[in-house]
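Here's the structure we're looking at; comments come further down.
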Amino acid sequence: MNLKNNLTLGIESTAHTWSVGIVEFSGKVLSLVNDMFIPEKGGIHPILVKEQHLSNFMQIINKALDDASISIKEIDLIAFSKSPGLGPILKIGAHVARMLSQLLGIPIVAVNHCIAHIEIGRFLSKIEDPLTLYVSGGNTIVSAYESGRYQIFGETLDIPIGNLIDSFARDVGIPHPGGPKVEALARESDNYLHLPYVVKGMDLSFSGLYSAAKRLIESKDYENKYTLYDVANSLQETAFAMLTEVTERALAHTGKSEILLTGGVAANKRLQEMIKYISREHAVRFEVVPLKYAGDNGAMIAWTGILRYKSIGGNNISETQINPKERMDQITIPWRS
Ligand code: AMP
Ligand code: MG
């Protein structure tokens with residue numbers, strides 16, 4: 001295959017966001033366009049998200065092409081997120097990617113979304129071999145590269161951290177995504193109310209914390225003895241301390257000399273401060289993925305597709321089926337061995 005322009009179109013479609021990024025093989029991002037589903041009430045309903053993505057996908061692709069000032073015929077490679085995520089939503093990305101690949105007669109790469117979060121961070125932060133804390137609406141993972149794979153050293157046993165914060169926010173009437181607003185509320189208080197802190201081995205559990213925070217805002221003492229600011233502060237302090245403890249232990253275990261913070265929750269200044277603190281204590285480098293690329297985005301999918309393509313080529317069509325539950329530690333990483 002003669003790749004004339006070295007251009008990749010990456011499609012992200014695992015959950016709330018349909019995103020298209022156009023990236024050169026060098027890693028230069030030419031365009032990135034996101035279409036995020038925002039529920040009017042409640043959580044992320046897969047059927048409603050699917051409807052939005054199906055209605056808008058071509059418009060977003062065209063906008064990304066326009067922004068990059070290229071035509072679709074100039075694209076050399078298609079990359080898409082095949083795992084993990086919500087089945088009905090993953091399928092849209094996979095179908096569109098397979099269709100484009102066959103229509104244009106160009107190779108396709110199926111990408112694991114969690115690995116893409118790490119790879120875009122390594123690339124943009126110019127960091128070689130980090131311990132990664134990946135915190136988002138759908139994932140909470142402490143990972144590092146070892147023995148050919150991104151091994152998982154710690155993870156949530158129930159709900160992800162972003163989901164914890166968004167669910168709490170929803171209960172107090174804050175629209176989705178609640179993270180930034182909860183962060184702002186928490187900044188107004190130094191009052192700590194006891195909440196369950198659950199670290200089991202290297203894994204975390206946030207569901208008891210969620211229930212306890214909910215009980216605090218339903219209690220008769222709420223707004224008499226403490227405020228929403230206090231509850232938001234206590235929720236963040238507890239959850240982030242749990243994340244920090246597990247990250248610190250994984251750091252000691254793996255002996256890595258860099259920490260990378262990524263995923264949508266990486267935007268949180270208090271979490272950044274806590275992880276920065278342990279980085280200093282252990283004299284390791286600390287980087288946060290540039291916020292434009294911290295949440296779900298098509299550029300990270302394109303870039304990870306490029307890494308794989310450059311090392312061992314594209315995937316066969318038979319390898320492009322979605323896998324909603326695939327763990328990143330099941331995948332060997334040819335471009336790092
Ligand atoms: P992602 O799933 O990676 O696209 O990230 C979305 C998640 O990041 C949602 O759960 C948001 O509430 C969360 N988030 C965004 N900004 C912040 C913030 N400043 N603090 C905490 N969580 C945040
Ligand atoms: Mg994500």
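Quick note: numbers below take in every heavy atom, side chains included, and nothing from hydrogens, waters or symmetry partners. Numbers here are sequence positions counted from 1. We count ligands from 1, going down the list as the structure has it; atoms in each ligand are counted the same way.
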Open item on the list: Checking the N or O distance criterion of under 3.5 Å, is ligand 1 in contact with N163?
Closed with: no
Task: Under 3.5 Å: N/O of H117 near N/O of ligand 1 - done: no
Open item on the list: Using the rule given for side chain to side chain donor-acceptor pair (under 3.5 Å), can you reason through E326 versus S83, listing the C-alpha separation, both sets of side-chain angles and the distance that settles it, and then say yes or no?
Closed with: CA-CA 6 Å; E326 185 178 56; S83 64; 2.4 Å; yes
Open item on the list: Using the side-chain contact (heavy atoms from CB on, under 4.5 Å) criterion, which residues pair with K28? Sequence neighbours excluded.
Closed with: E24, S26, L30
Task: NZ/K256: more than 12 non-hydrogen atoms of other groups inside 6.0 Å - done: yes
Open item on the list: I want to confirm something. Looking only at heavy atoms, which of A169, G138, G178, G179 is nearest to atom 22 (N) of ligand 1?
Closed with: G179
- [ ] Select the closest option to atom 15 (C) of ligand 1 among S136, G264, P177, A186, judged by heavy-atom distance.
- [x] G264
Under 4.0 Å from a heavy atom of [X]: give me the atoms of ligand 1 that qualify, with their elements.
X	answer
E183	18 (C), 19 (N), 20 (N)
G162	10 (O)
G295	3 (O), 4 (O)
H16	1 (P), 2 (O), 4 (O)

Task: Non-hydrogen atom of H176 closer than 4.0 Å to ligand 1 - done: no
Open item on the list: Could you work out, with salt bridge (charged side-chain N to carboxylate O under 4.0 Å, His left out) as the rule, every residue matching R270, not counting sequence neighbours?
Closed with: E237, E273
- [ ] May I ask you to check whether H113 and D296 show a side-chain donor-acceptor distance below 3.5 Å?
- [x] yes
TODO: With heavy atoms under 4.0 Å as the rule, classify the contact between D166 and ligand 1 as side chain, backbone, both or neither.
DONE: side chain
- [ ] With side chain to side chain donor-acceptor pair (under 3.5 Å) as the test, would you mind laying out the steps for E155 and Y134 before giving the verdict?
- [x] CA-CA 9 Å; E155 63 193 310; Y134 164 35; over 6 Å; no
- [ ] With the side chain counted from C-beta on, respond yes when I70 and I75 share a heavy-atom pair under 4.5 Å apart, and no when they do not.
- [x] yes
